[in-house]
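First comes the structure, then the notes that go with it.
Keep in mind that what you see is a predicted model, and the values were worked out from it rather than measured.
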Amino acid sequence: RKPGTAVASSAGHHSISTQTPLWLKLVRQGNIFSTYYSSDGTHWGEPLKQITAQMDSTLLVGLAAAGGFGTTLLNAQFSHVLVSTQVTSI
């Protein structure tokens, strides 16, 4: 959500594996956000998607999961969640 407004933005993609476990990574470099996934938590490959969004320095982070269908229940488990200001290799 853009700070101070009710405007939300999202970007989706369906090109990731459905096999579990699955690691997800969101990287912010200035106003550029890149998404990655990995089947082993080590090898990330090229970004799945990159978007540019004007943001201030404060960022709130949350996790969500969707079953894909309005009548389908979903069990999701998030573990090993890390939010870092450290710059690491991708």
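With sequence neighbours excluded, the residues satisfying side chain to side chain donor-acceptor pair (under 3.5 Å) with D40 are S38, H43.
Shown are L26, N31, I32; of these, the side-chain contact (heavy atoms from CB on, under 4.5 Å) with R28 is made only by N31.
Here F78 is tied into one hydrophobic group with L63, V81, each link being a pair of ILVMFWY side chains closer than 4.5 Å. Through ILVMFWY side-chain contacts below 4.5 Å, L82 is grouped with nothing and stands alone.
Here the side chains of W23 and Y36 are not in contact, with every heavy-atom distance at 4.5 Å or above.
Minimum interatomic distance between W44 and L24 (heavy atoms only, all atoms of both residues): CZ3-C, 4.0 Å.
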